[in-house]
Trainee: 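Below is a structure I'd like to ask you about.
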Amino acid sequence: MSLLEVTGLSKRFGGLAAVDDVDFHADEGEIVSVIGPNGAGKTTLFNIVTGFYEHEQGTIEFGGHNIAGLQPNQITKLGISRTFQAVRLFPAMTVLENVMVGQHSRSRSGVFGSILQLPGTKQEEQRIEEKAREMLAFFGRALLPRADELASGLAYADRRRLEIARAMATEPKVLLLDEPTAGMNAREKEEVIELVGRLRREMGYTIVLIEHDMPVVKGVSDRVVALDFGRKIAEGTYEEVSSNERVIEAYLGTEHAETA
Amino acid sequence: MATVTETAAAIARRRAARAGSAARRGLRGGLLGGVIVIYLAAVGLVERFNGTNVITGVITLGPIFFLAAMLLTGYLASRDPKVDGQVVPVTARDRLMAGLVAGAVTGVVVGAFILLFNAVNIRDIFVSLSPIVLGDILTFGQEPAVGALLQVGVAVLLAVAGASLRLLNPANRKPFVAGLATLLIVGVMERLLRVMLDTLGLETAWLYRRGGLTTTGAIAMFAVGAVVSYLATHRAAIFQRLAGERRIGGGDGGALPPSTQENLAFGLGLASLGLSGFLAVQGLVGEPASGGLLILALVIGLLAIGVAAVTVRKRTGGSARGSVRAGRAGIGFFAAIAGVFVIVPLIVGVFLSHAMVTVGIYVLLGLGLNIVVGYAGLLDLGYVAFFAVGAYSMALFTALQSSLVTEGVGEFGSGSQVAAEQPWTDFWVALPMVIVIAVVAGVVIGAPVLRLRGDYLAIVTLGFGEIVRVIVRSDWAAPFLGGSQGIKQIQPPAPDVFDFGSPQNLYYLVLVFILLAIYVSWRLQYSRVGRAWAAMREDEDVAEAMGVSVIKYKLLAFAMGAAVGCLSGAFFAVQLSVITPDSFELLVSITVLAAIILGGLGSIPGVIIGAVVLVGLPEVLRDFAEYRLLFYGAILVGIMILRPEGLIASARRRRELHERNIEARFAGEYAAGEAEAALTAAPGEAKQET
Amino acid sequence: MSEATTTVEAPQRRLFLQRVPWRAIILIGLSAILLVGIVLGTAATLQQGRFSGADWTRLAVGGVTRGSVYAIIAVGYTLVYGILFLINFAHGEVFMAGAFSTLFVARALDEAGMLNGSPFLSIGILFASSMLISMVVAIVLERVAYRPLRGSPRLILLITAIGASLFLQNSFRGFFGAGSTAYPNIDVLVGQMSIFGVAIQRKQLIVILGALILMVGLYLFIERTKTGRAMRAVGEDKEIAALMGIDVDRVIVTTFAIGGLLAGAAGILFVFVFNQVNYFMGFVPGIKAFTAAVLGGIGNVLGAGIGGILLGVLESVGPRLVLTGAGIPSPDQLQPVVAFGVLVLVLLFRPGGILGSEEEKRA
Amino acid sequence: MSDGAAVLELEEVHAAYGAVLVLNGISLEVRRGEIVCLLGPNAAGKTTTLRAILGLTAPTAGEIRVEGDRVDGLPTPRIVAKGITMVPENRRLFAKMSVRENLEIGAQLRSDDAGIKRDQDRVLELFPRLSERLSQKAGTLSGGEQQMLAIGRALMASPKVLLMDEPSMGLAPILVEQVFKTIREINEQGTTIFLVEQNAKMALSIANRGYILRGGEIVLADTAQNLRDSAQMQEAYLGG
């Protein structure tokens with residue numbers, strides 16, 4: 001059974017169909033890439049799954065439960081976490097604090113605990129910090145030594161890393177990455193390919209990513225889904241999708257199809 | 001490819017050319033200065049404060065306004081101009097030149113104004129431009145023609161003086177300015193200070209005479225300000241010398257490690273404590289024993305701890321690592337300040353204690369609004385609604401003329417003075433009920449507006465504030481809330497516990513709740529809840545994606561803000577014992593907002609400072625009451641332009657504003673990336689360029 | 001890490017509870033109650049028959065008149081908001097500045113006997129004076145208070161605007177005094193006439209017509225001229241506008257100037273209706289006009305017009321129509337409640353305003 | 001193609017954000033009729049170079065000349081008036097205006113109605129898709145159409161040099177090909193082009209010459225052909 005299963009999903013903005021009757025699923029432990037031209041509905045799909053947009057039709061099931069209509073924070077708590085196309089950190093918080101916010105839905109202390117400094121609250125705070133450091137440590141020396149610096153002071157690639165670390169701190173089962181290699185150079189892209197592999201291997205995540213860079217798509221995906229004008233036009237292995245005529249016509253162009 | 005490099009000197013020359021000549025800058029500054037002087041006269045400040053002695057027999061406050069403006073004109077006109085965001089340094093000669101021209105232009109503008117309007121009567125339009133202003137104050141009591149000439153002379157003199165301030169080493173300029181400021185403040189606050197000194201049993205005749213300073217007093221105050229400022233400016237050097245002496249044989253003349261500085265500051269605090277202890281003993285055994293000295297001793301001691309704590313905070317607050325230590329220092333600071341606030345009412349007498357209760361009420365309001373605006377980032381312009389709810393609930397519960405108890409006794413709201421024998425309940429019973437009502441009010445007002453964007457939220461909350469006021473005043477609600485008559489005979493807390501009839505004792509009650517509110521705010525700020533608020537404030541969508549229920553946390557902020565606001569309203573009702581709708585104007589919301597912004601959004605000491613400055617000073621300086629709002633407006637605009645993080649910024653807020661400004665300048669993620677890459681790659685070159 | 005153990009723990013029942021759109025239910029419930037209340041109140045009022053048809057018409061015409069003034073002020077908010085995303089809180093004071101200062105022009109004209117001697121010329125002079133003064137105040141405001149803060153967070157700009165509002169208000173209080181003063185009477189404005197059987201005072205007609213002309217003129221200016229197009233471009237993207245060769249600073253100043261001109265004109269229209277000026281007169285109409293701008297969809301010039309008139313009528317007719325029947329004394333006291341109540345409701349159900357775009361995208 | 005006269009020259013240009021130096025003495029030139037590309041890794045200062053040329057970020061030192069006239073320090077609109085304009089990264093159209101208005105506003109500084117008409121016809125010929133959508137709001141166009149409109153808008157200024165900031169950014173591979181084809185076409189019609197790109201391969205396939213920027217300095221300048229074959233370029237581009 002699929003961990004995340006979307007069927008017949010539709011969403012319009014004004015008269016424009018952003019997502020049109022899309023079926024989509026991700027099995028446990030799978031890495032799925034979503035490709036397609038701009039405005040094909042990739043990010044809209046993410047936004048619907050994570051509860052930021054309401055959809056008009058279709059079902060979204062996560063682990064066998066219908067999650068349509070839930071608030072984003074509730075969906076995060078159930079175990080779906082995401083990053084954003086343009087990196088969106090809390091710039092005035094430290095690197096560590098950013099990740100600690102990710103632990104929000106895995107902790108519970110409230111106003112009274114905080115005011116009275118109950119032992120439980122103190123312990124929880126300690127646990128949150130430990131967990132956050134653990135997530136930073138996943139990225140080796142890139143983030144942990146800078147735990148107390150401002151997030152806004154990080155270099156661009158590190159910001160992308162921090163965003164992933166923050167998403168990891170929500171302890172998700174499914175991780176949605178929105179263009180994790182945007183604005184990166186070839187070497188950094190290589191690193192992302194490796195990182196995505198590690199995320200599955202070491203953390204056991206199921207990963208869905210939106211990606212434009214075909215070598216990256218080739219490097220990481222078990223399965224590729226191609227969208228165009230809100231509709232799914234192809235699905236399958238990288239080889240299958242990249243040689244699909246409709247994908248070549250709508251998205252890849254001839255040159256890429258040949259190199260693929 | 002050509003590689004003709006422009007030399008640094010050539011670049012500087014070109015910038016200087018584009019910055020314009022000193023005379024031009026002076027002309028511009030002078031025109032502005034002239035307009036400002038005329039504004040000060042037209043708006044009435046010059047005339048209104050002509051009777052307020054600063055140095056009795058020498059100068060009053062009215063002329064000081066325009067004289068200060070002239071000094072400032074010279075000072076500003078002689079600054080280094082900026083081209084393309086780069087400062088272009090100018091020579092000393094150019095500075096004086098710019099100051100001279102600015103002064104001359106200011107003087108000519110003002111002089112022309114005097115001559116013109118001594119001929120034409122415009123009192124019918126500008127009510128403040130009376131013959132006294134135009135024919136006496138601005139002309140220094142001379143004939144118009146002579147006066148106008150005098151103005152030119154004085155303006156030139158002051159503007160050149162202002163410009164020459166720039167020539168001084170900053171370390172020497174500060175004491176001079178501080179001296180002048182001290183003189184002015186001590187002079188203007190004559191009433192407050194004299195009461196305090198009298199209570200302490202100290203001699204004041206040498207200092208004050210007929211509402212102003214004596215000449216001796218003025219000189220002394222200038223000296224005090226200058227010396228203190230000098231010591232403060234050279235604090236690092238003094239620290240170093242002290243440290244060197246203490247660590248004989250250390251032989252390390254370099255910068256001190258933070259821990260040493262902390263110890264030093266602490267030592268200084270202890271020394272002051274010792275001094276205060278000595279004074280205390282003097283006060284106890286002296287002949288006759290003086291309570292005043294005792295109190296003075298305590299004040300000095302507490303202030304000393306405060307200073308020490310602040311020093312530590314300053315030195316460690318820079319790094320995030322230091323935040324824990326800064327937090328501890330913060331506790332010390334609060335303890336010290338709280339201690340001062342405990343003692344002060346004993347010195348200042350009844351009238352000022354009343355004023356302090358008012359300040360306390362606004363501090364509470366500020367702390368509440370700080371949770372909503374400072375922590376959760378929800379700009380609430382209708383905060384007065386909670387103040388009103390608190391005050392009216394307390395009044396209904398505890399007034400003799402409340403509609404809860406006068407039913408059947410007489411028709412309420414008709415202006416008849418019917419009073420019951422007993423209020424509906426006692427203050428202590430009413431207080432928890434008020435808080436419950438507050439939380440409900442917070443949720444009711446908060447719930448509908450949760451999804452609104454920042455400035456829409458501001459306007460809608462402003463609307464709520466107005467709705468509450470209009471309903472309270474209306475005939476419709478009059479049978480219940482008393483209409484424009486309000487509710488009278490609100491009973492203070494039962495006297496058998498502690499007599500709250502006196503303003504001093506009520507003050508302590510308020511103080512207890514302020515401390516409670518501070519503790520709550522402070523704990524929340526660094527907790528999971530505070531983190532969720534901060535995340536929400538920085539990026540609502542992302543906070544939600546990280547599992548923060550934005551709705552829940554917004555409601556929580558509203559409810560907590562409402563609870564504190566209502567509490568404050570309850571005290572307000574008790575303080576005045578009569579409440580009317582007039583006390584719940586939009587102005588209250590604006591004042592509180594101005595106070596927390598002046599102090600620094602999100603900063604707890606900032607709230608206190610803001611409330612003291614914006615509410616306490618006008619209470620003390622009654623003369624200013626009329627111009628209070630004018631100053632609020634100017635302060636709000638000025639603070640936003642010059643120091644948007646407020647006087648005492650919370651660390652996080654400072655980062656946020658800094659961040660935003662940089663980002664605005666960078667305009668675009670990738671350009672920002674480039675800047676940062678350059679920063680990490682070549683810090684040396686970055687320095688070289690600045 | 002074993003994938004096999006991955007289960008999503010969420011009891012079906014809790015999920016159901018979480019999915020219930022509580023907010024929507026509360027909102028719909030709230031509006032249902034309101035609607036029932038309005039219908040019942042209205043029915044009761046009409047049944048009592050305390051007011052005749054002529055009374056209602058009179059109220060409605062009064063509402064349209066007042067709304068026309070709101071509309072013209074509202075345009076100033078909308079223009080500035082459309083470009084700087086700033087609620088120019090001080091705009092009400094810009095309006096006050098023109099009307100209050102022109103009082104002295106009116107007095108001078110009156111003393112010279114011109115005001116009723118050549119009334120149309122005089123009215124022209126009054127408009128010119130008020131518009132000019134308001135424009136100057138608006139430009140100075142932009143230069144001194146807002147320009148140094150270009151690019152700052154919106155909260156900072158809003159607070160600056162509040163400060164500027166207080167400062168202007170109290171400066172004029174200092175200049176001209178704290179009391180309310182009546183404008184001298186202009187005889188041509190007095191009198192009543194009937195258009196299609198609707199009784200209307202002459203001054204009301206002038207206000208409505210004047211507002212209409214100004215609105216149409218402004219609309220054409222923004223949609224048809226190069227400067228208008230530049231204003232819209234600056235509103236969308238300042239940097240790219242500069243890249244098109246548009247002098248952004250100048251466009252912003254122009255926007256403030258136009259807002260000021262209109263506010264000045266609104267000031268004179270206001271005086272025609274209420275005949276009184278004081279330093280505080282800008283505050284309430286300012287807030288109401290802002291409400292009107294939001295009502296119509298802020299950033300949208302036509303919306304400001306529609307919102308203004310709608311608000312005026314609702315305010316004028318609403319309280320009596322709904323509240324009299326409910327037995328509430330002096331319903332007109334509750335006018336602000338109607339104004340702000342409408343604002344809150346509009347923002348709740350249509351955050352973009354009546355003419356605003358619906359797509360308030362969140363992510 | 002190139003007649004050799006320099007239209008755009010940068011000489012020892014420095015630029016900084018606050019205290020942070022981003023450009024550390026850039027010198028380059030673009031001659032009439034050329035396509036010149038500026039390549040370099042992330043955060044090398046490419047975007048800042050374009051911003052400095054247009055005065056969006058004021059250079060702190062150095063000279064920028066257009067046909068020999070100094071333009072550094074001038075406000076952006078006056079630089080645009082000298083004949084420089086840009087197709088910005090991510091297109092940044094005026095989404096609420098119609099396609100027609102977007103084109104018209106590109107010619108905001110011009111008053112030669114005949115010339116404007118001619119250029120509009122030329123743009124519509126280049127992008128026939130746009131002529132079908134003249135009265136549609138720009139925000140409703142697809143990604144590819146938006147890129148066309150962005151280029152068309154810039155062409156309406158009839159620039160001497162057209163700056164392009166990462167025209168391939170965020171576009172589907174098929175559109176990337178099209179965009180580069182269009183760029184070559186525009187160049188063949190006589191517009192000089194200065195191109196900033198991440199996609200070095202594509203850029204070098206259409207350019208005459210190229211500069212490699214790294215850490216705010218030009219590390220390599222050569223013909224496109226040589227750069228394509230150069231191992232040094234690979235190293236400069238990818239290194240560290």
Side-chain angles (χ1 to χ4, degrees), chain A residues 47 50-52 71-77 80-84 86-111 113-117 121 124-125 128 147-159 163 166-167 169-170 183, chain B residues 319-323 516 519-553 556-557 559-560 651-660 662-663 666 668-670 672-674 676-681:
Chain A
N47 280 337
T50 51
F52 279 94
Q71 293 294 317
N73 62 309
Q74 295 167 329
I75 290 172
T76 304
K77 189 162 185 187
I80 301 180
S81 191
R82 70 174 294 183
T83 64
F84 294 83
V87 189
R88 286 170 80 173
L89 297 170
F90 304 119
M93 291 193 189
T94 64
V95 169
L96 184 67
E97 282 173 323
N98 262 278
V99 184
M100 285 170 81
V101 172
Q103 272 276 304
H104 189 88
S105 55
R106 305 290 163 221
S107 49
R108 50 187 309 165
S109 54
V111 173
S114 308
I115 294 171
L116 302 175
Q117 286 285 291
T121 308
E124 189 180 86
E125 194 70 3
I128 292 174
D148 292 318
E149 290 174 22
L150 286 189
S152 57
L154 292 181
Y156 180 72
D158 284 339
R159 293 198 207 175
E163 207 189 13
R166 191 179 60 185
T170 67
Chain B
S319 74
R321 265 272 151 234
S323 64
L516 201 67
Y519 183 77
V520 167
S521 301
W522 174 66
R523 278 296 191 206
L524 283 181
Q525 194 175 3
Y526 296 105
S527 70
R528 175 173 172 269
V529 177
R531 217 165 32 233
W533 275 334
M536 198 169 82
R537 193 174 66 213
E538 289 195 32
D539 192 328
E540 210 175 297
D541 293 331
V542 180
E544 183 130 31
M546 290 303 116
V548 176
S549 168
V550 169
I551 292 198
K552 181 177 152 191
Y553 278 88
L556 184 66
M560 297 204 65
R652 193 177 267 161
R653 179 67 60 169
R654 191 162 41 218
R655 288 186 244 150
E656 247 167 64
L657 292 169
H658 185 61
E659 162 73 23
R660 297 260 165 78
I662 286 183
E663 219 157 36
F666 280 13
E669 176 80 13
Y670 292 95
E674 286 173 4
E676 277 145 20
L679 182 64
T680 42

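Labels below follow one simple rule: chain letters A, B, ... track the order of the sequence lines, proteins then strands, and each chain is numbered from 1. Computed from a predicted model, the values in this text were never measured in an experiment. The figures here come from the full heavy-atom set of this structure, side chains too, leaving out hydrogens, waters and symmetry mates.
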Trainee: Scan the side chains in residues 546-553 of chain B for donor-acceptor partners under 3.5 Å anywhere in the protein, sequence neighbours excluded, and list what turns up.
Mentor:
from      : atom 1 : to        : atom 2 : distance (Å)
Ser549(B) : OG     : Lys552(B) : N      : 3.3
Tyr553(B) : OH     : His104(A) : NE2    : 3.3

Trainee: Using 0.5 Å steps for rounding, measure from the CD atom of Glu97(A) to the CG atom of Leu89(A).
Mentor: 13.0 Å
Trainee: What are the two closest non-hydrogen atoms of Asp541(B) and Arg88(A), and how far apart are they?
Mentor: OD2-NH2, 3.2 Å
Trainee: At a heavy-atom distance under 4.5 Å, which candidate from Gly110(A), Ser105(A), Ser114(A), Ala169(A) has the highest pair count against chain B?
Mentor: Ser114(A)
Trainee: Give the member of Ile80(A), Thr170(A), Val111(A) that has the highest number of heavy-atom pairs under 4.5 Å with chain B.
Mentor: Val111(A)
Trainee: The criterion is side-chain contact (heavy atoms from CB on, under 4.5 Å); which residues satisfy it with Ser109(A), sequence neighbours excluded?
Mentor: Thr121(A), Glu124(A), Arg528(B)
Trainee: Between Ala535(B), Ser527(B), Ser521(B), which has the largest tally of heavy atom pairs under 4.5 Å with chain A?
Mentor: Ala535(B)
Trainee: Which region of Arg108(A), side chain (C-beta onward) or backbone (N, CA, C, O), has a non-hydrogen atom less than 4.5 Å from a non-hydrogen atom of chain B, or is it both or neither?
Mentor: backbone
Trainee: Of all heavy-atom pairs between Asn98(A) and Ala151(A), which one has the smallest distance, and what is that distance?
Mentor: ND2-CB, 3.3 Å
Trainee: Taking every heavy-atom pair that is under 4.5 Å apart, which of Val542(B), Leu524(B), Val529(B) has the most such pairs with chain A?
Mentor: Val542(B)
